[in-house]
Amino acid sequence: MTAPKALDTPHGPTRILAPEFRTPTVGIVLTITLVAFEGMSVAVVMPTVAKELNALNLYGISISAFLIASLFANVVAGLWSDRRGYQAPFLAGVVLFVAGMALAGAAQSAVLFLVARAVQGLGAGASIVALLVMIARVYPAGLRPKVFAAVSAAWVVPAMVGPAVAGFVAVQWGWRYVFFGIIPLVVPALAMLVPALRMPSSEAEPSQGPRSKPLAMTLAATATAGGAGVLLHGVDRLHTDPVPGTVETVAGLAFLVYGLYRLLPPRALRFGRGLATTVLMRGFFSAAFFGVNSFIPLALEEVKGFDPTYAGIALTTGALGWSTGSYLQSRKDGEAYKRIRLGAGCVTISILICLLSVLPGVTGWIAVPAWIVAGFGMGFGMTTVSVTALKQSPVNEQGANSAALSVTDMLGSALSIGIGGALINLIGHSPSQIATGFVVISFLMAAIALSATALAGRTR
């Protein structure tokens with residue numbers, strides 16, 4: 001059931017750039033644009049980073065470290081936003097994000113780089129949840145689909161130029177300048193956001209539910225993030241140290257389930273109808289898409305001989321498709337579960353096509369049209385998930401449910417990328433072995449996307 005909210009009035013502004021919404025809209029778009037530059041850039045240069053730091057075996061876990069840290073920050077920022085407002089967690093997140101970028105650029109070892117990625121993740125996680133709560137508190141329900149469409153559109157310019165610029169910078173001056181170069185762009189953007197952060201938001205009575213208790217939720221977030229990290233480390237050790245690896249895997253899974261049971265809405269782990277399954281769907285989408293997306297540059301560079309600039313084109317087209325899908329969902333009426341199902345179906349088909357890109361006799365460029373469709377599916381389906389979850393949330397639980405959305409999002413990506421990295425390590429690092437690993441990863445992620453297609457009906 002949709003909880004009644006003061007914002008859900010039948011009349012009101014119809015434009016996100018109306019005078020009363022212009023400042024927060026511009027601020028949100030600017031922030032997402034910078035985050036998008038970072039995301040698109042890091043994905044392209046990660047193969048180069050892994051080689052220089054002699055850490056190809058950490059390719060997957062270095063990405064997962066960012067996501068696991070984000071997961072923890074999601075929960076803390078969600079609680080913070082519900083109790084004190086979204087302004088402070090957003091500002092704290094930006095500061096941590098910048099610090100992480102500086103550490104990554106200066107890293108001289110794989111360990112320090114992993115720490116830097118975790119710091120970036122803390123910052124990104126806090127900022128993302130604060131932005132979701134900002135959207136829920138500042139905009140009426142009828143405008144939220146348009147805001148999410150604008151958020152997706154903010155990826156267009158970074159998607160078009162980010163991978164190419166990152167590849168060029170990495171080739172000409174080195175990968176470190178990809179990280180350092182983003183930092184100066186954050187300062188003016190943050191200065192422009194200060195007025196938006198002063199805007200009043202709708203008030204809500206504090207929630208008294210189990211997900212409103214700071215200590216319990218922080219412990220649950222710690223168990224979830226720690227459990228995910230231990231699980232991934234254990235999975236990666238299974239082929240070299242089977243017994244310790246199995247112990248770590250089981251222990252990590254136990255902590256993970258314990259934490260998720262408390263972080264997610266009631267009945268989520270049983271795929272209960274409504275909000276419970278809606279929140280989980282975001283994790284399914286993220287796991288399927290990013291579990292393949294993160295390995296496309298590695299596969300194209302190592303198997304097909306692409307340089308970083310060309311390998312990033314597939315990521316560019318995926319983001320463009322995402323923006324298109326998000327825009328279209330904002331203009332469509334009808335039942336949300338059907339849009340979610342269509343989006344998941346597009347991701348499933350695209351993954352199966354994309355895996356062909358590493359096969360002998362097949363051009364690697366087939367990944368480009370495949371990833372346009374995959375991005376469209378994410379924009380159309382995943383954005384609908386976000387809008388639907390906010391609509392199903394009471395005002396005083398918007399922070400908790402925004403955090404839950406981000407938890408499943410980050411966890412889905414972290415687990416799929418970490419397990420994908422473990423598969424690459426298991427199968428091997430030669431070009432033919434990486435091709436085999438990419439095919440195996442793609443089949444696993446296609447199965448996850450297909451599951452999302454089947455479960456979409458339970459979001460009603």
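Heavy atoms only: backbone and side chains are in, while hydrogens, waters and symmetry mates are out.
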Which of parallel (below 30°), tilted (30 to 60°) and perpendicular (above 60°) describes F289 and W371?
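Parallel, since the angle between the ring planes stays under 30°.
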
Taking the side chain as every heavy atom from C-beta outward, state whether [X] and [Y] have any atom pair closer than 4.5 Å.
| X | Y | value |
| --- | --- | --- |
| L352 | F443 | yes |
| F284 | V385 | no |
| T453 | V347 | no |
| V45 | V169 | no |

Could you report the tightest heavy-atom contact between [X] and [Y], atom names first, then the distance?
| X | Y | result |
| --- | --- | --- |
| T408 | V279 | OG1-O, 2.9 Å |
| C346 | V373 | CB-O, 3.9 Å |
| S416 | S286 | OG-O, 4.5 Å |
| A268 | L280 | O-CD1, 2.6 Å |
| F295 | I417 | CZ-O, 3.4 Å |
| F271 | R458 | O-NE, 2.6 Å |

If I take atom [atom1] from residue [X] and atom [atom2] from residue [Y], how far apart are they, to the nearest 0.5 angstrom?
| X | Y | atom1 | atom2 | answer |
| --- | --- | --- | --- | --- |
| L260 | L411 | CG | CG | 5.5 Å |
| S294 | M445 | OG | CE | 9.5 Å |
| L219 | R262 | CG | CZ | 10.0 Å |
| R339 | L328 | CZ | CG | 11.0 Å |
| I296 | S442 | CD1 | OG | 8.0 Å |

I366 meets the side chain to side chain contact (heavy atoms under 4.5 Å, CB included) criterion, sequence neighbours left out, with I353, L356, S357, V362

Only pairs under 3.5 Å count here: list side-chain donor-acceptor contacts from residues 114-136, not counting sequence neighbours, and write none if there are none.
{"from": "R117", "atom 1": "NH1", "to": "E38", "atom 2": "OE2", "distance (Å)": "3.1"}
{"from": "R117", "atom 1": "NH1", "to": "Q120", "atom 2": "OE1", "distance (Å)": "3.0"}
{"from": "Q120", "atom 1": "NE2", "to": "G100", "atom 2": "O", "distance (Å)": "3.3"}
{"from": "S127", "atom 1": "OG", "to": "V94", "atom 2": "N", "distance (Å)": "3.4"}
{"from": "S127", "atom 1": "OG", "to": "G123", "atom 2": "O", "distance (Å)": "2.9"}

Would you sort out whether K338 and L342 count as a side chain to side chain contact (heavy atoms under 4.5 Å, CB included), showing the intermediate values?
CA-CA 6 Å; K338 293 182 179 179; L342 175 61; over 6 Å; no

For F72 and T224: C-alpha separation, side-chain torsions, deciding distance, then whether side chain to side chain contact (heavy atoms under 4.5 Å, CB included) applies.
CA-CA 8 Å; F72 176 81; T224 303; over 6 Å; no

Under the ring pair (Phe, Tyr, Trp, His ring centres under 6.0 Å) test, residues paired with F438 that sit two or more places apart
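In terms of ring pair (Phe, Tyr, Trp, His ring centres under 6.0 Å), with neighbours along the sequence ignored, F438 is linked to no residue.
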
Partners of F66 by ring pair (Phe, Tyr, Trp, His ring centres under 6.0 Å), sequence neighbours excluded?
none

Without swapping roles, check the side chain of Y139 against the backbone of T25 for a donor-acceptor pair under 3.5 Å.
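Yes, because the side chain of Y139 sits within donor-acceptor range (under 3.5 Å) of the backbone of T25.
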
Please name the residue in the list T388, T459, N401 that meets the side chain to side chain contact (heavy atoms under 4.5 Å, CB included) test with L275.
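Going through T388, T459, N401 one by one, the side chain to side chain contact (heavy atoms under 4.5 Å, CB included) with L275 is satisfied by N401 alone.
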
Show every donor-acceptor pair shorter than 3.5 Å between a side-chain atom in residues 176-191 and any protein atom, with sequence neighbours excluded, or say none if there are none.
{"from": "R176", "atom 1": "NH1", "to": "G105", "atom 2": "O", "distance (Å)": "3.0"}
{"from": "R176", "atom 1": "NH1", "to": "A107", "atom 2": "O", "distance (Å)": "2.3"}
{"from": "R176", "atom 1": "NH2", "to": "A107", "atom 2": "O", "distance (Å)": "2.8"}

Is it the case that T384 and Y337 place a side-chain donor and acceptor less than 3.5 Å from each other?
no

Please test T324 against F380 for side chain to side chain contact (heavy atoms under 4.5 Å, CB included), starting from the C-alpha separation and ending with a verdict.
CA-CA 8 Å; T324 302; F380 199 78; over 6 Å; no

CA sep, side-chain torsions, deciding dist, call: I441, I419, side chain to side chain contact (heavy atoms under 4.5 Å, CB included)
CA-CA 9 Å; I441 291 168; I419 290 172; over 6 Å; no

Listing request: all side-chain hydrogen bond (donor to acceptor under 3.5 Å, both in side chains) pairs with a residue in residues 273-283, at least two apart in sequence or in separate chains.
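Checked against side-chain hydrogen bond (donor to acceptor under 3.5 Å, both in side chains) - neighbours excluded - the pairs reaching residues 273-283 are T278-Q392, R282-S386, R282-D409.
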
Crowded around F255 CZ? As in, over 12 foreign heavy atoms under 6.0 Å?
no

